[in-house]
Amino acid sequence: MSESKHTDLNLLPVRLVPGVGPQKAEHLGALGIGTVGELLEYFPFRYEDYRLKPLEEAKDGEKITVAAAVFAEPNLQRYGRNKTRMTCRMLVDRVLITTVWFNRHFLRERLTPGTDVVVTGKWDARRLQLTVAQAEFAGAQQSTRSGTLQPVYSVGGDVTQGWLRKTMLQALDRFGDQVAEVLPDELLAKHKLLSRKEAIRTVHRPEDGEESRIQAGKRRMAYEELFRFQLKLLAYKQLVKQRSEGSAKKLEREKVRAFVRALPFRLTSAQKQVIADILEDLEAPSCMNRLLQGDVGSGKTVVAATALYAAVTAGYQGAMMAPTEILAEQHARSLNQMFEPYGLQIGLLTGSMPEKQKRDVLGALQMGLIDIAIGTHALIQEHVHYRNLGLVVTDEQHRFGVQQRSVLRRKGLAPDVLTMTATPIPRTLAITAFGDMDVSSLREMPKGRKPIQTYWVKKDKLERVWGYIRKEVDAGRQAYVICPLIEESEKLDVQNAIELHAQLAVLFDDQEVGLLHGRMRSDDKDQVMQQFHQGACSILVSTTVIEVGVDVPNATVMVIYDADRFGLSQLHQLRGRVGRGEHASTCVLVADPKSDNGRERMQAMTETADGFEIARRDLELRGPGDFFGTKQSGLPEFRFSDIVQDYELLEQARDDAAALIRSQSFWTDAAYASLRDYLQREQIMQGDLLD
Ligand code: ADP
Ligand code: MG
């Protein structure tokens, strides 16, 4: 017995379950079930309630199950072709009700007065009438449904609900006792969790009908899932640290201090703190893997610049990756300016550069003539070689993943990595998606910033919006106008932008009105951006290509057309393009939202300017899957848990995993063998994850 206890049910093919032949096994395979273990972990998504209910508690229209006794002979009517309607008076709790049966005339013989029957169906409280969907006669075989909660599985193809229920019970009978525990006893005790065996049985066979037991079963599986995931992340984090294949950089601290002193502003204390953390990381022998999150405008770029400069003082090259060419070009301009007095060489590399120019940059990088490379993801492609790359900064990108790291590793590079995010990330997502990183936050805004006023106006008030822009540009300020976004078609976006630009060019015929959209050639884009930077153009009509990062401190008005079509975080990013300088700024959301959700979003934007709060609401309104917009988020799909709803469990799992990994006994004690096996299977221990 004890031997079979250690069977790994995930190694046993599902065909071993009684009643599952080759064909059925194939059908189960289509549902992603190949092993006994996978079958048992295939959880119902809801339950049907066949528990008996006292009539006085039944609500009108509700589906209920009651125990009844036949009171009088049924009454049968035929209609249409082969259709029947049978009524039968029955006693339930000493109340006389009418049951209605459609096309079940074959049951007529059995409905003799005095017979006990459990009926399930829709209750009509006014007429005291129950339309029967299912019936079970007492004594007939063993009763299977009455009084229970029946699991409802997601089925499809050739697998039916009834068959899967039956098969699940077979699997439980045959293998249920072999379900092995994977969590350490102390954690089970600490969180009062059901054993794995118990949890799985309860969820599939909640016979006693206690919902709290089902909840306990699900909670256990959710915890397990979150805990294992955290264990994996943290083990990975530790591994990256332990490998110590990074380099301990010998920074010239004095030069770095001089650089900071020469900046045109004083760093906020948050910036100072983060820079101190980063410099320490650079000097440490292990690879830095740090996430810097800060609200828009909190001043991440100068932090990155200081880090890059520091790496260069130690004799390394640095690279800064941006998600768009516009942003890469902006960074190249501002870093050029910043580093010019120090004689640093900056190289810009983007996909759309002429080949010849690209080749020059690539050559210079390889020879070490360029100190800091700036560009899009082109920077870390296979054919880009560095002489001595020591630090990679990714700006406004969500993830510098395992993959990117491994591209560099194949070239023998193990640079320190600083990831900066555009959007503050709610804690629960940060733990999940970035749990393998050290996290720094810039919670403080540079001094002297005036808060951005945000207004929501209907489209019929546009005249006043133009009037306001007029006032601002006359005072020497600049304005952005973001065009409606049309999801299905970039072409229509461009069309919109062109039309709006034409309209505004007429309205503001004494001003230079610029136009920017994704279909423009990159040097044209660059030129427009440069004009706007220099103030040569006072109004910029643009699609969302300027969403992140663009920094023109003299711009004080942001008008967003059809703002309800954007997500909250995106709106917050767009709004963050203004309020970056000394002048008070305004954001105008132009929208006639049709949905409650749309109205809520507009409301939220006018109510709060705090990016962390916006992110929290955004997560609530959109759910974790959509939060990052695309699949690049690095968020795993969880089967038993929901990181928003289960965030408390998630935090516990995180703390537990951290504590366990820190303890020496985790790596040696037999009690944790199964967890170590798990990490091994997940390829953490060998570090294959990096390749
Ligand atoms: P973000 O965090 O959104 O990337 P940026 O790095 O673009 O923000 O900084 C926004 C603006 O604030 C820039 O114009 C930058 O020069 C300025 N800035 C950054 N740090 C400070 C500071 N400590 N004091 C004043 N201005 C600052
Ligand atoms: Mg930025």
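First listed ligand is number 1; within each ligand, the first listed atom is number 1. Residue numbers run from 1 in the order of the sequence given.
- By the 4.0 Å heavy-atom criterion, Arg449 is counted among the residues contacting ligand 1.
- Proximity to Leu267 (heavy-atom distance under 4.0 Å) selects the following atoms of ligand 1: 23 (N).
- For the pair Met529 and His533, the minimum side-chain heavy-atom distance is below 4.5 Å.
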As a quick check of understanding, evaluate side chain to side chain contact (heavy atoms under 4.5 Å, CB included) for Arg290 and Asp277, giving each step before the final call.
CA-CA 9 Å; Arg290 184 172 288 279; Asp277 290 346; 3.9 Å; yes
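- Among Val303, Thr301, Asp295, Thr421, the residue whose heavy atom lies nearest to atom 4 (O) of ligand 1 is Thr301.
- In this structure Asp524 satisfies the salt bridge (Lys or Arg N to Asp or Glu O under 4.0 Å) test with no other residue, sequence neighbours excluded.
- For ligand 1, the atoms closer than 4.0 angstrom to any heavy atom of Arg266 are 22 (C), 23 (N), 24 (N).
- Applying the 4.0 Å criterion to heavy atoms of Pro446 picks out, from ligand 1, the atoms 20 (N), 21 (C), 22 (C), 24 (N), 25 (C), 26 (N), 27 (C).
- Residue Val296 approaches ligand 1 through these ligand atoms, each under 4.0 Å from one of its heavy atoms: 3 (O).
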The test is salt bridge (Lys or Arg N to Asp or Glu O under 4.0 Å); show your working for Asp562 and Arg565 and say whether it passes.
CA-CA 6 Å; Asp562 286 346; Arg565 300 212 190 155; 3.5 Å; yes
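- The shell of residues lying under 4.0 angstrom from ligand 1, judged by heavy atoms, excludes Gly576.
- A salt bridge links Arg617 to Glu613: at least one charged side-chain nitrogen sits closer than 4.0 Å to a carboxylate oxygen.
- Here is the list of ligand 1 atoms found below 4.0 Å of a heavy atom in Thr268: 23 (N).
- The shortest N/O to N/O separation between Gly299 and ligand 1 falls below 3.5 Å.
- Checked options Glu472, Lys450, Arg477; the residue passing with Thr556 is Glu472 (criterion: side chain to side chain donor-acceptor pair (under 3.5 Å)).
- Between Asp551 and ligand 1, at least one pair of N/O atoms sits closer than 3.5 Å.
- For Phe265, the ring pair (Phe, Tyr, Trp, His ring centres under 6.0 Å) criterion is met by no residue, not counting sequence neighbours.
- The shortest separation from a heavy atom of Gly294 to ligand 1 is not under 4.0 Å, leaving the residue out of contact.
- Inclusion of Pro553 in the set of residues having an N or O under 3.5 Å from an N or O of ligand 1 is not warranted.
- The shortest side-chain heavy-atom distance between Met338 and Phe259 falls under the 4.5 Å cut-off.
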